Amino acid sequence: MAISLVDIFAARKNIMDLVIRTPLVQSPDLSKLAQTQVYLKIETYQKTGSFKLRGATNAIARVKPGQAVITASTGNHGRALAYAASQHNIQANICLSNLVPGNKVEAIKASGANLFIHGDSQDDALDYAITLAQREHMALIPPFDHPDVIAGQGTIGLEIIEQLPETATIVIPLSGGGLLAGIAMAVKSIKPQITIIGVTMDQGCAMHTSLQAGHPVNVTEQPTLADSLGGGIGINNKYTFALVQKYCDTTILVDEPAIAQAIVHTYMVEREIIEGAAAVGIAALFSGQLDQYTQNGPMVLLLTGKNIDMHTHAKLIAGTSRIST
Ligand SMILES: *Cc1c(COP(=O)(O)O)cnc(C)c1O
């Protein structure tokens, strides 16, 4: 494998200045529900509102001086890359599909990056980024299938083990799998007995479908509250598919009403604003699908991002919109 624990420790040094060590806090309410200690790793406190700042910052630290960078992103990676690039005086170019919500488009624009809106899926936007990267000699930093990105996300795994050595289970929102691959590699290299669970929405879940097939497959992207989990894993996936196949103990699917309920619960009870992608772990807990793991000991759920459209959030809280995006 082209990436190892050493790369994750190196990433931790590279990202120290821009990325915070996020709190891991016990949720009394969820602990009571699960009858075990449930902890929340609150990545929403990162500067761009999601953990994606870790991988983007690590990748930017390794770009040649003066070279521009380009990516395609469902929003959070683009936003993180734009911010990390601006901190290093590097020009960022971000390709988005028409599915990306307006609040995320505005945030990326405000960061000073060049913006390209292309196609109706994350895969279209990525194809466009690849074309531009070759033509303009830019460094392509994709949102998940890149060793520096995976290593950056893996720093979360190091923190969890230090903050709660007795962790038994880590529940991770799963899309392209950079987050899960990085954390799982860090964690399983140090404590192989920890169980790693990937959670995703039941509509258009590319990694789950690919794992079932035994190879990367295309899925049709669907509108979902968990918009940051949309998009394929790439038919020519180089890193994350093999790593997730190796390290992920199981995958769990949750539906749209469960994601909506988890966003509302997290606001009303935990008093945190999270986006749909970050809500899938709590949704899985509510659905009973984590019951068989709670007896093993403390469980960590990742709150991965908070960049939800606030009008959507307000409607969910008011109960006027349970599932529409
Ligand atoms: C990108 C993202 C994920 C999933 O990460 P992958 O590396 O693509 O699996 C989860 N939650 C949020 C908020 C994200 O932005």
Side-chain angles (χ1 to χ4, degrees), residues 3 22 40-56 58-59 71-81 83 96 100-101 103-104 107-108 122-123 126 141-157 170-186 196-201 204-208 210-211 216 221 224-234 237 239-241 243-245 247-248 251 254 259 262-263 266 272-284 301-309:
I3 150 173
T22 52
L40 302 174
K41 177 74 170 155
I42 311 188
E43 284 294 307
T44 56
Y45 293 176
Q46 298 294 355
K47 248 213 182 92
T48 57
S50 83
F51 74 88
K52 289 271 191 344
L53 193 58
R54 294 177 185 259
N58 188 43
T71 196
S73 165
T74 52
N76 284 334
H77 173 68
R79 190 162 167 175
L81 195 72
Y83 177 76
L96 303 173
V100 175
N103 66 309
K104 290 185 174 172
I108 291 170
Q122 167 67 8
D123 296 342
L126 184 59
I141 303 179
F144 53 86
D145 203 23
H146 188 291
D148 299 337
V149 172
I150 296 167
Q153 322 305 30
T155 58
I156 297 172
I170 305 179
V171 181
I172 307 174
L174 176 62
S175 177
L179 177 64
L180 191 144
I183 293 176
M185 173 180 296
I196 299 287
I197 299 174
V199 189
T200 190
M201 68 283 181
C205 43
M207 184 60 86
H208 171 82
S210 299
L211 289 170
E221 198 170 339
T224 168
L225 272 174
D227 53 87
S228 291
L229 301 184
I233 65 165
N237 186 292
Y239 305 99
T240 59
F241 177 72
L243 288 169
V244 172
Q245 204 176 31
Y247 288 122
C248 184
T251 54
V254 292
I259 295 171
I263 292 172
T266 305
E272 299 288 346
I273 292 169
I274 57 169
E275 58 179 279
V280 295
I282 292 176
L301 309 182
L302 263 75
L303 301 187
T304 47
K306 68 173 177 189
N307 296 324
I308 188 170
D309 178 276

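Read the numbers this way: they start at 1 and go in the same order the structure lists the ligands and their atoms. Computed from a prediction, not measured in an experiment: that's the story for all the values here.
- Using a 4.0 Å cutoff on heavy atoms, L229 counts as a contact of ligand 1.
- The closest side-chain donor-acceptor pair between T22 and E43 falls under 3.5 angstrom.
- Within the listing of ligand 1, atoms 13 (C) sit less than 4.0 angstrom from a heavy atom of E275.
- Of the residues listed (V171, T44, I42, I156), the one engaging L302 in a side chain to side chain contact (heavy atoms under 4.5 Å, CB included) is I156, and it is the only one.
- Put simply, the side chain of N307 gets close to the backbone of T48: a donor and an acceptor are under 3.5 Å apart.
- Below 4.0 Å from some heavy atom of S228 lie the following atoms of ligand 1, by number and element: 1 (C), 2 (C), 12 (C), 14 (C), 15 (O).
- No hydrogens or angles considered: a donor-acceptor pair under 3.5 Å links the side chains of E275 and S228.
- Checked by atom type, the side-chain pair T251/H208 shows a donor-acceptor distance below 3.5 Å.
- Below 4.0 Å from some heavy atom of G178 lie the following atoms of ligand 1, by number and element: 6 (P), 7 (O), 9 (O).
- Legend: salt bridge (Lys or Arg N to Asp or Glu O under 4.0 Å) pairs involving residues 177-186, not counting sequence neighbours: none detected.
- A donor-acceptor distance shorter than 3.5 angstrom exists from the side chain of Q153 to the backbone of G55, with no hydrogens or angles considered.
- The heavy atom nearest to atom 12 (C) of ligand 1, out of those in N307, I233, T304, is found in T304.
- Every N/O-N/O distance between S50 and ligand 1 stays at or above 3.5 Å.
- Proximity of M207 to ligand 1, defined as any heavy-atom pair under 4.0 Å, is not found for any part of the residue.
- Put simply, no part of A278 is less than 4.0 Å from ligand 1, judged by heavy atoms.
- Of the heavy atoms in Q153, none comes closer than 4.0 Å to ligand 1.
- Ligand-side atoms of ligand 1 in range of F51: 1 (C), 2 (C), 3 (C), 5 (O), 10 (C), 11 (N), 12 (C), 14 (C), range being under 4.0 angstrom from any heavy atom.
- For ligand 1, the polar-atom distance check against L180 finds no nitrogen or oxygen pair separated by under 3.5 Å.
- Residue-to-ligand polar distances place N76 within reach of ligand 1: an N/O pair is separated by less than 3.5 Å.
- Among residues two or more places apart in sequence or in another chain, the side chain to side chain contact (heavy atoms under 4.5 Å, CB included) test is passed with A59 by I141, D148, V149.
- Near A277, meaning under 4.0 Å from any of its heavy atoms, are these atoms of ligand 1: 11 (N), 12 (C), 13 (C).
- T71 places no side-chain N or O within 3.5 Å of a backbone atom of S73 that could act as its donor or acceptor partner.
- Below 3.5 Å of separation, one finds an N or O of G176 facing an N or O of ligand 1.
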